[in-house]
K.L.:
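Let me give you the structure first, and then I'll get to my questions.
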Amino acid sequence: METAPCSAAEPIHVTQPELPPLGEFVDYLEKIWSSKVLTNGGTFHQQLEQALCEYLGVNHLALVSNGTLGLVLALKALRIVGEVITTPYSFVATAHSLLWNDITPVFVDVDPASLNLNPQSIEAAITPRTTAIMPVHCYGRPCDVDAIQKIADNYNLRVIYDAAHAFGVKDEQGSILRHGDLSVLSFHATKVFNTFEGGAIVCPDAKTKQRIDHLKNFGFINETTVVASGINGKMSEINAAMGLLQLKRIDEVIEKRRRIDILYRQKLSAIRGISCLPYPVGGLSNHAYFPVMVETEYPISRDQLYDHLRASHIYGRRYFYPLISDFPMYRGLPTADRSQLPAATAAAEKIICLPMHPGLNAEHVSYVVQKIHEAA
Ligand SMILES: *Cc1c(COP(=O)(O)O)cnc(C)c1O
């Protein structure tokens with residue numbers, strides 16, 4: 001890790017995008033300028049799809065312009081209607097993708113330890129209108145994929161994972177993205193792997209990928225035939241070129257994150273009332289976030305700690321607060337009632353995500369921990 005000095009005046013953000021050397025990007029731009037192919041599945045788009053399949057260990061994947069549109073398209077591709085069971089403890093785009101498809105979100109509680117959908121609560125929420133489950137691998141920590149699949153098989157439901165946080169995450173048998181019917185990644189600037197904006201839908205077979213490729217291109221299957229009310233969800237050549245460059249350094253980036261994660265855990269262990277989520281067992285983590293729980297033994301509240309850190313130019317974020325189910329367009333739903341979502345409600349009140357990105361060094365981590373210590 002680098003040891004550049006860290007001054008209190010320099011803001012420490014919750015995340016900061018990793019960027020390749022500008023010169024390398026300019027090389028790609030020169031190729032785009034000479035080919036004049038800017039989008040519509042050009043060379044870089046094709047290369048990135050192939051490179052990502054290899055890196056992630058999946059067979060088929062369709063690039064899209066962002067993760068939210070990826071979720072909207074994934075639901076559309078599988079013709080999901082009616083009710084979909086999902087988590088309130090996520091970024092708002094998870095549930096918004098359902099509303100954009102005229103689907104009713106059914107919120108169920110999370111497991112208090114994993115903060116992912118609680119399989120028992122899923123089963124209890126199934127009605128005759130339920131057609132699918134949309135779980136989130138929250139913070140890149142794998143869901144209970146086996147239990148979820150078992151429920152889906154028993155009730156004939158589809159499973160679409162919001163895998164926006166889960167780039168590169170593996171369980172003991174391989175990529176976490178192989179589970180469910182589809183998994184959707186986000187390549188937004190704030191994510192572990194970014195293409196400025198972008199995303200991908202991981203598909204189980206070539207036919208599903210082809211349907212998504214048609215849907216992301218207005219529903220065209222050739223020059224003159226439109227078979228579905230598709231949308232423009234294509235990734236441009238600029239974004240795809242960025243992805244090819246980012247992929248060269250992704251292992252290094254995740255390794256830097258891993259070291260920051262270890263350092264935080266070592267240094268925070270001495271502070272009473274601050275607890276870290278345990279490492280997921282087995283597999284490979286991507287260290288996308290560093291959430292900590294501010295427990296009642298800590299002398300000040302989570303929000304007071306949040307303000308205290310901000311006063312020192314440390315910009316942690318309360319992911320995920322408020323719960324999605326508390327936003328105005330969801331509040332009125334019968335399943336949005338907080339009394340039915342005790343674990344998600346408690347997590348939303350206790351959690352703060354500390355700065356976590358490959359640009360942090362040991363001094364930054366020490367400074368953040370020192371400020372947490374100080375407040376105690
Ligand atoms: C970032 C994110 C999204 C949306 O991805 P975009 O690429 O920003 O559209 C969806 N779900 C979750 C859980 C996210 O964190």
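Every number for a ligand or one of its atoms is a count from 1 in the order of the listing. These figures come from a predicted structure and were not determined experimentally.
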K.L.:
Can you work out which protein residues put a heavy atom within less than 4.0 Å of ligand 1?
P.N.:
Asn66, Gly67, Thr68, Ser90, Phe91, Ala93, Thr94, Asp162, Ala164, His165, Ser186, His188, Lys191, Gly198
K.L.:
Heavy-atom count check: over 12 atoms from other residues, nucleotides or ligands less than 6.0 Å from Asp153 CG?
P.N.:
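Count over threshold, so yes.
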K.L.:
Less than 4.5 Å apart, side chain to side chain, heavy atoms only: is that true for Tyr161 and Val145?
P.N.:
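SC-SC contact between Tyr161 and Val145 confirmed.
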K.L.:
Under the salt bridge (charged side-chain N to carboxylate O under 4.0 Å, His left out) rule, collect the residues that match up with Glu252, sequence neighbours excluded.
P.N.:
none
K.L.:
Would you say that more than 12 heavy atoms from the other residues, nucleotides or ligands in this model lie under 6.0 Å from the CZ of Arg338, or not?
P.N.:
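Check fails, neighbour count at 12 or below.
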K.L.:
Do the charged groups of Glu295 and Lys350 touch, with an N to O distance under 4.0 Å?
P.N.:
yes
K.L.:
Pick out which of Asp213, Thr208, Leu215 makes a side-chain contact (heavy atoms from CB on, under 4.5 Å) with Arg211.
P.N.:
Leu215
